[in-house]
2 protein chains.
Amino acid sequence: MPTKLIAVLIAVSEDRPMVLTLEGGRVLPSGPLEAGHRSLQTGLRLWVERQTGHALGHVEQLYTFADAPDTDATDERSVLISYLALTRIHSGEHGWRNWYDYFPWEDQTTPDGRALVARIAAQLGDWARAAPPALGAARHQRIALTFGLEGLGWDDELVLQRYELLWEAGLVPESSPPAGATVRGQDMAGDGRRILATAMARLRAKIRYRPVIFELMPDSFTLLQLQRTVEAVAGQAMHKQNFRRLITQQDLVEETADLAPDTRGRPARLFRFRREVIGARRIAGSKLPLTRPV
Amino acid sequence: MPTKLIAVLIAVSEDRPMVLTLEGGRVLPSGPLEAGHRSLQTGLRLWVERQTGHALGHVEQLYTFADAPDTDATDERSVLISYLALTRIHSGEHGWRNWYDYFPWEDQTTPDGRALVARIAAQLGDWARAAPPALGAARHQRIALTFGLEGLGWDDELVLQRYELLWEAGLVPESSPPAGATVRGQDMAGDGRRILATAMARLRAKIRYRPVIFELMPDSFTLLQLQRTVEAVAGQAMHKQNFRRLITQQDLVEETADLAPDTRGRPARLFRFRREVIGARRIAGSKLPLTRPV
DNA sequence: TCGAATTATGCTCGTTATGAGTATAATTCG
DNA sequence: CGAATTATACTCATAACGAGCATAATTCGA
């Protein structure tokens, strides 16, 4: 039973979140774990460098799957260990794709995205109604929750749940009994899209409590560039003044002496990430009513 | 290269967090992944039931390691996929150990625990001072952060970081160049303690934003029992009135008609977890300044 | 050259969440 | 019966958060 290492490399370029792919966007960089690899991560780094020429920086493990036995029924099922890597695009690289090409409904920054969700919700509604009453009601509930219908808010972290719901409903080409119509969005080979969804969900969750967003930023940047990067990842628009308050209050960044070049309106101050805070405690509050230590 | 599945089963009994072990507390339930297993989780369930007789409920994947090549130098290194399972202890089971037997310093609910941290900090200080200045300063900083010294608060989620620091400093028996004196606390075979630390950290993080704590509770319970369970897991004492406000405000529980039997002071109302909220949105706030959708 | 458009930045205001503590209520136990 | 114990309700100050107003400093087209 071979073990495979697979990487989701993410970067943000021109305010769009990108993922590094091979073979025309159909597969993610990957390779088998070999006895010579000093650790899982070093094995992964070797494969990614060999296949894409891209050296890895910040890497974290995502999830381990036993992939569905391939078309043929040998017991040569492999174990797939997936990783998320955050990086920056170097000029001249290719294979980078906008992740919303794979999950168009995950971009909720535009009216288009919201309209798409409405259409998907309708298709899913049909699927729920096609089931016997009890099951249908459960499906209906699940749809409302994952897609934020009926006044429930959109939860940007439910990427995987939404994909799996569409999969079950037969609305993506990968579905095992695919329905007639499928939802817009490019697919991938094997479990590729599921792994990408896992990566997106993890990243969206993580930027809330760790300063990982700066792994995707250049050395210096304006607060608006930072905001656009977060928005690209989260797929949601934010309140500008409050965003800036949040960032500055937490001492995550420090001013540089420079202003951003060639802007339109008023030139913006350039900031730099304060690397010192990286090891420091998490961003958010504890959400548990602790007693102050005596 | 064989693949092994390993489980950390957690329960809370009499306000103490327990972990299910075998062989006198030295190993966790585990077994090889076999071709016949329908999925990784079913394989895990089979092994745990076979080895301990305990059926699994809530399970989530923790982390995948390539374990250090065993004593001998064959390339028969195995991949270890670890899982966290939350459950309740059934009467008559044995092999359950208090997790603070393995990590005594992680219990910060008592003055004892705090005193122990002070002693460990002293030993680690020696280790930092034994290094050349630059490295020593870095170590010092790391110690202060992970153990919450110098006014930095104790962060209950840094279980793994603290263990790894002790490991590096040679203060645990597993350390590869073990120092003379080691810190109090039972050890385990192989990577057992590292995996347990990972499980503790994950659970402590998770109870902050998902209602998983109820997996460890009986059907009905008083708010104080709930608080004691959270405190046992988090290793920190909480403010009673505010804890109760937090829980009730979020509609996580509903009153039952009953009161707790055989209490001392005033009898407490029994509550029940509202299972409906399980799929529902996360507990906490978003920590990103979103604009309200139009 | 001026005014519109555009982006940056500072500040206020009301609401909610959080940390800490006071005050009572309802029991058991010696 | 009074002390000890646990439950529960409230208050108060402060911090965090969501929303928006106001002003500053630019570019760009007429």
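Everything numeric here is computed off the predicted structure, so don't read it as measured data. In what follows, chains are A, B, ... by sequence order, proteins preceding strands, each numbered from 1.
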Can you check side chain to side chain donor-acceptor pair (under 3.5 Å) on A/His58 and A/Thr87, steps first, answer last? CA-CA 7 Å; A/His58 172 101; A/Thr87 188; over 6 Å; no

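Remark: B/Glu157 does not engage B/Arg202 in a salt bridge, criterion side-chain N to carboxylate O under 4.0 Å. The residues A/Asp258 and A/Arg272 are annotated as not salt-bridged, no charged nitrogen and carboxylate oxygen being separated by less than 4.0 angstrom.
Side-chain atoms of B/Arg245 and base atoms of C/dG19 include a donor and an acceptor less than 3.5 Å apart.
Computed from coordinates, the B/Gln249 CD to C/dT15 P distance equals 17 Å when rounded to whole Å. Rounded to an integer number of Å, the gap from CG of B/Leu223 to C1' of D/dA9 is 13 Å. The CD-P distance, from B/Gln241 to D/dA9, rounds to 12 Å in whole Å. For the pair A/Phe243 CZ and D/dG20 P, the interatomic distance rounds to 19 Å; values are reported in whole Å. Atom pair A/Met238:CE and D/dA19:P shows a separation of 13 Å (rounding to whole Å applied). Atom-to-atom, CG of B/Asn242 to C1' of D/dC10 comes out at 12 Å; the value is rounded to the nearest Å. Between the CG atom of A/Leu259 and the C1' atom of C/dT9 there is a distance of 13 Å, given to the nearest Å. If you take CG of A/Asp251 and P of D/dA16, they are 12 Å apart, rounded to a whole angstrom.
Pairs passing the salt bridge (charged side-chain N to carboxylate O under 4.0 Å, His left out) check and including a residue from residues 97-108 of chain A, sequence neighbours excluded, read A/Glu106-A/Arg162, A/Glu106-A/Arg204.
The ring-ring contact (aromatic ring centres under 6.0 Å, His included) search around B/His94 returns none, not counting sequence neighbours. Residues forming a side-chain hydrogen bond (donor to acceptor under 3.5 Å, both in side chains) with B/Arg184 (at least two apart in sequence, or on another chain): none.
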Which atoms of nucleotides 5-8 of chain C (N or O only) lie under 3.5 Å from a protein N or O atom, and what are those distances?
unit_1 : atom_1 : unit_2   : atom_2 : d
C/dT7  : OP1    : A/Arg264 : NH2    : 3.3
C/dT7  : O2     : A/Arg266 : N      : 3.4
C/dA8  : OP2    : A/Lys240 : NZ     : 2.7

Identify every side-chain donor-acceptor pair in residues 144-151 of chain B under 3.5 Å, counting partners at least two apart or on other chains, and give the distances.
unit_1   : atom_1 : unit_2   : atom_2 : d
B/Thr146 : OG1    : B/Arg142 : O      : 2.8
B/Thr146 : OG1    : B/Ile143 : O      : 3.4
B/Glu150 : OE2    : B/His140 : NE2    : 2.9

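Remark: DNA chain C forms stems of 3 or more consecutive Watson-Crick or G-U wobble pairs, all pair distances under 3.5 Å, at C:1-30 with D:1-30.
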